[in-house]
Amino acid sequence: YMGGGGVRCLGIDKSRESIDIAVGRYPDCPFSMEDALTEEGCASIRSLCRRTLAGGRGPSVVAVDINGTRELPAVLQCLDNIMNPASAAGEDWALPRLIVVKSRSLHAEMTRRRRLGLSY
């Protein structure tokens with residue numbers, strides 16, 4: 001639980017340096033080095049969620065730092081893996097109540113769609 005506020009969390013990053021920084025900031029939160037864009041990484045993340053998060057229900061908040069400059073297809077693949085876990089690993093969980101994504105390409109696409117009056 002992050003900050004005693006009842007938010008289940010599991011920190012995932014594919015950079016050892018980023019994991020080390022996060023552990024220093026949030027020593028009570030479990031972290032693992034994984035790649036959310038690979039089949040193996042997704043399977044490992046699902047397994048970690050089942051083992052480390054309360055009741056095996058998955059995280060209530062997912063923060064995706066997929067590298068702010070990552071191309072949109074990779075960002076969308078990562079979001080799909082979070083929102084449709086059965087498609088990637090044959091397992092399912094309740095959707096998180098909040099998904100936060102840091103992505104310049106996603107922001108640009110959403111801005112473009114809003115300007116054109118298109119739906120999200």
Side-chain angles (χ1 to χ4, degrees):
Y1 290 93
M2 190 171 215
V7 175
R8 295 178 310 278
C9 69
L10 170 63
I12 304 290
D13 202 297
K14 69 178 201 172
S15 158
R16 172 52 52 200
E17 181 181 350
S18 294
I19 294 282
D20 291 343
I21 291 168
V23 167
R25 290 182 182 163
Y26 303 99
D28 295 331
C29 181
F31 290 90
S32 182
M33 194 167 74
E34 308 294 340
D35 186 346
L37 292 176
T38 67
E39 213 171 295
E40 298 81 22
C42 287
S44 181
I45 290 167
R46 303 267 173 318
S47 177
L48 286 164
C49 285
R50 286 181 122 21
R51 287 194 319 261
T52 61
L53 299 173
R57 297 179 317 180
S60 59
V61 175
V62 174
V64 179
D65 182 352
I66 189 172
N67 183 341
T69 58
R70 196 65 93 104
E71 293 296 321
L72 188 57
V75 175
L76 295 177
Q77 179 63 52
C78 187
L79 284 171
D80 187 55
N81 291 347
I82 293 166
M83 296 173 69
N84 302 297
S87 66
E91 295 181 26
D92 207 351
W93 60 30
L95 281 175
R97 68 178 177 79
L98 176 66
I99 300 173
V100 180
V101 182
K102 178 183 95 173
S103 166
R104 290 182 180 141
S105 60
L106 182 59
H107 179 265
E109 177 63 15
M110 299 303 283
T111 300
R112 182 188 76 79
R113 287 174 172 262
R114 187 178 63 237
R115 285 186 185 141
L116 294 173
L118 301 173
S119 65
Y120 299 117

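Heavy atoms only: backbone and side chains are in, while hydrogens, waters and symmetry mates are out.
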Quiz item: If you round to the nearest 0.5 Å, how far is CD of E40 from CD of E34?
Solution: 10.5 Å
Exercise. Check whether L79 and M110 end up in the same hydrophobic cluster, where Ile, Leu, Val, Met, Phe, Trp and Tyr are linked by side-chain heavy atoms less than 4.5 Å apart.
Key: yes
Quiz item: What pairs with R115 under side-chain hydrogen bond (donor to acceptor under 3.5 Å, both in side chains), at least two apart in sequence or on another chain?
Solution: none
Exercise. Report the residues that fulfil side-chain contact (heavy atoms from CB on, under 4.5 Å) with D35, sequence neighbours left out, ordered by chain and then residue number.
Key: K14, L37, T38
Quiz prompt | Listed partners of R25 passing salt bridge (Lys or Arg N to Asp or Glu O under 4.0 Å), at least two apart | solution = none
Quiz item: What heavy-atom pair brings Y26 and F31 nearest, and what distance separates the two atoms?
Solution: O-CE1, 3.4 Å
Quiz prompt | Closest approach of C29 to G11 (non-hydrogen atoms, all atoms of both residues) | solution = SG-N, 4.0 Å
Quiz item: For S105 and E71, which heavy atoms make the closest approach, and how far apart are they?
Solution: OG-C, 3.6 Å
Quiz item: Which atom pair, heavy atoms only, marks the closest approach of R70 to S103?
Solution: O-OG, 4.4 Å
Self-check item: Shortest non-hydrogen contact between S32 and I19, atoms and distance
Solution: O-CD1, 3.3 Å
